[in-house]
2 protein chains.
Amino acid sequence: MKVSHRGLYALRAMVFLAQKHGEGLASVQEIAAAEGIPVKFLESILATLRNARFVTSTRGRLGGYRLYHAPSEILVGDIVRLVDGPLAPFSDARGLSARVASETRHPALFDLLLDVRNAAASILDHTSLADLLERDQKILESRSTREKS
Amino acid sequence: MKVSHRGLYALRAMVFLAQKHGEGLASVQEIAAAEGIPVKFLESILATLRNARFVTSTRGRLGGYRLYHAPSEILVGDIVRLVDGPLAPFSDARGLSARVASETRHPALFDLLLDVRNAAASILDHTSLADLLERDQKILESRSTREKS
DNA sequence: AAATATCCCTATCGGATAAGTAGGATAACA
DNA sequence: TGTTATCCTACTTATCCGATAGGGATATTT
């Protein structure tokens with residue numbers, strides 16, 4: 001499994017939108033500036049997210065993006081899968097045929113890599129954007145109290 | 001994290017050598033034929049494994065490769081790290097700087113990806129080649145008994 | 001209605017990395 | 001001394017990924 005730049009950008013953008021959830025729209029410019037993402041690149045990422053109904057958009061002046069669902073209903077695993085493809089820990093598209101070959105020859109090796117994938121998926125699929133926001137809060141709180149002491 | 005073709009080939013070759021452990025040498029040709037790996041490609045992979053002292057070789061006639069250590073002392077995680085680099089679940093070399101950036105902005109996201117890496121590392125670092133052989137045995141046994149019944 | 005700000009669509013480019021190849025030098029052994 | 005293997009260096013090719021270019025569609029403001 002691997003989270004590409006594109007995937008990280010998508011996650012960051014989604015977290016940003018989760019923070020603004022309920023406060024109207026955010027433009028590509030705004031998100032790009034806040035998160036340090038190339039504008040045109042972010043545009044194409046948002047197109048992907050829009051097609052999958054993770055975000056919705058309105059155009060024209062004062063247009064922008066917002067989350068389609070509540071932050072608690074969007075799982076990190078789904079975002080990663082959408083942008084970076086399935087979470088398989090072996091590389092590529094021919095993976096299926098390579099899998100069958102190595103499965104028959106070395107089934108335990110195949111199973112092991114499957115365990116890795118399942119462990120990763122389990123973590124990513126049990127964490128929503130709302131969870132991330134909550135944890136960010138706690139981390140920031142503990143940091144500020146540490147500074148005060 | 002991601003296991004490349006090269007990494008899978010390396011793992012398969014090592015499992016093959018583990019099966020033959022104590023029975024002398026195996027040539028590149030032999031391994032390549034058994035595992036379905038391009039000969040020249042496997043050569044370069046074995047060079048990497050040799051430099052890291054995972055295997056040892058003797059050349060000339062009747063030459064070949066064998067494991068340097070016992071199968072129980074070689075961890076799958078070490079092989080993957082050697083061939084495919086560190087197990088970080090985000091992509092690239094600039095990962096460090098990108099990490100710091102996203103860590104300060106969205107620390108929880110960073111922590112989550114770290115959890116994924118640790119989970120994967122934990123699985124791969126607790127499994128040796130000997131473990132794989134043992135599991136292969138059990139799997140094959142259960143298959144044959146299932147066929148008999 | 002015009003100007004402007006925004007999303008939207010298609011196409012492409014450059015760089016990096018990975019997969020695989022070629023050919024010959026070197027060493028061991030019959 | 002010839003054969004068979006590893007070893008070494010370099011090259012080719014393919015694929016993917018990050019990023020960019022340029023314009024078209026749409027909605028709001030003036």
Side-chain angles (χ1 to χ4, degrees), chain A residues 2-13 17 24-33 35-66 68 80 83-86 88 90-95 97-98, chain B residues 2-10 12-13 17 24-33 35-66 68 80 82-86 88 90-95 97-98:
Chain A
K2 171 192 127 188
V3 178
S4 65
H5 254 201
R6 195 181 171 84
L8 260 184
Y9 286 159
L11 288 172
R12 305 236 297 268
L17 289 176
L25 302 171
S27 74
V28 175
Q29 299 288 341
E30 184 183 350
I31 306 172
E35 297 291 336
I37 304 173
V39 177
K40 280 296 198 179
F41 196 22
L42 178 57
E43 251 185 63
S44 83
I45 293 170
L46 286 169
T48 302
L49 292 169
R50 195 178 60 81
N51 291 334
R53 304 289 172 127
F54 283 83
V55 302
T56 186
S57 61
T58 54
R59 31 195 210 174
R61 247 188 120 154
L62 300 186
Y65 291 87
R66 63 178 178 80
Y68 196 89
V80 173
V83 176
D84 283 332
F90 22 74
S91 50
D92 63 307
R94 291 167 300 178
S97 54
Chain B
K2 172 191 129 190
V3 179
S4 65
H5 258 201
R6 192 180 173 83
L8 259 185
Y9 287 160
R12 304 235 297 269
L17 288 177
L25 303 169
S27 74
V28 175
Q29 299 287 342
E30 183 182 351
I31 306 171
E35 296 291 335
I37 305 172
V39 178
K40 278 298 197 177
F41 196 22
L42 178 58
E43 248 183 69
S44 81
I45 294 169
L46 286 169
T48 302
L49 292 170
R50 194 178 62 83
N51 291 334
R53 305 285 174 132
F54 282 82
V55 302
T56 187
S57 61
T58 54
R59 36 192 207 175
R61 250 193 114 152
L62 300 186
Y65 292 86
R66 63 179 177 81
Y68 196 88
V80 173
L82 173 68
V83 176
D84 283 332
F90 21 73
S91 49
D92 62 306
R94 290 165 302 179
S97 55

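Each chain gets a letter, A, B and so on, in the order its sequence line appears, and its residues count up from 1.
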If you compare every side-chain N and O of A:T58 against the phosphate oxygens of C:dC7 (OP1, OP2), does one of them come in below 4.0 Å?
no
Heavy-atom distance under 4.5 Å between the side chains of B:R6 and B:F41, does that happen here?
yes
Whether A:S4 contacts D:dC16 is assessed here as follows: a side-chain N or O lying under 4.0 Å from the phosphate OP1 or OP2. Is that the case?
no
Roughly, in whole Å, what's the span from CG in B:L25 to C1' in C:dA27?
14 Å
Hey, what do you get for CG (A:L42) to CG (A:L46), rounding to the nearest 0.5 Å?
4.5 Å
Does B:K40 get its side chain close enough to the base of C:dG23, under 3.5 Å, for a donor-acceptor pair?
yes
Reckon B:Y65 has a side-chain N or O less than 4.0 Å from the OP1 or OP2 of D:dC7?
yes
Within-4.5 Å side-chain heavy-atom neighbours: B:R66 and B:L17
no
What about A:E43, does its side chain sit under 3.5 Å from the base of C:dC7 through a donor-acceptor pair?
no
Map A:V28 and B:R6 onto DNA chain C by nearest heavy atom, then report which one ends up closer to the 5' terminus.
A:V28
A side-chain contact here means heavy atoms from C-beta on lying under 4.5 Å apart; do B:P38 and B:K40 qualify?
no
Rounded distance (Å) that lies between atom C1' of D:dA21 and atom CZ of A:F41
15 Å
Among C:dT6, D:dT28, D:dT4, the one nearest A:S27 by side-chain distance
C:dT6
Rounded off to whole Å, could you give me the CZ-to-P distance for the A:R61 and D:dT30 pair?
6 Å
Rounded distance in Å - NE2 (B:H5) to P (D:dC16):
11 Å
Within less than 4.0 Å of OP1 or OP2 of D:dC8, is there a side-chain N or O belonging to B:R59?
no
Can you check whether A:L25 reaches A:L62 side chain to side chain, under 4.5 Å on heavy atoms?
no
From CD of B:E30 over to C1' of D:dA5, roughly how many Å is that when rounded to an integer?
13 Å
Rounded off to whole Å, could you give me the CD1-to-C1' distance for the B:I37 and C:dT21 pair?
16 Å
Which nucleotide in the list D:dC17, C:dA5, D:dA19 gets nearest to the side chain of A:P38?
D:dA19
Quickly work out the B:L46 CG to D:dA5 P distance and round it to whole Å.
15 Å
Check the phosphate of D:dA19 against A:Y9, side-chain N and O only, distance under 4.0 Å to OP1 or OP2. Yes or no?
yes
5' precedence on DNA chain C between B:D84 and B:L62 (nearest-nucleotide basis):
B:D84
Distance check: side-chain N/O of B:R50 vs OP1/OP2 of D:dC7, anything under 4.0 Å?
yes
Rounded to the nearest angstrom, tell me the gap between atom CG in A:L42 and atom P in C:dT6.
14 Å
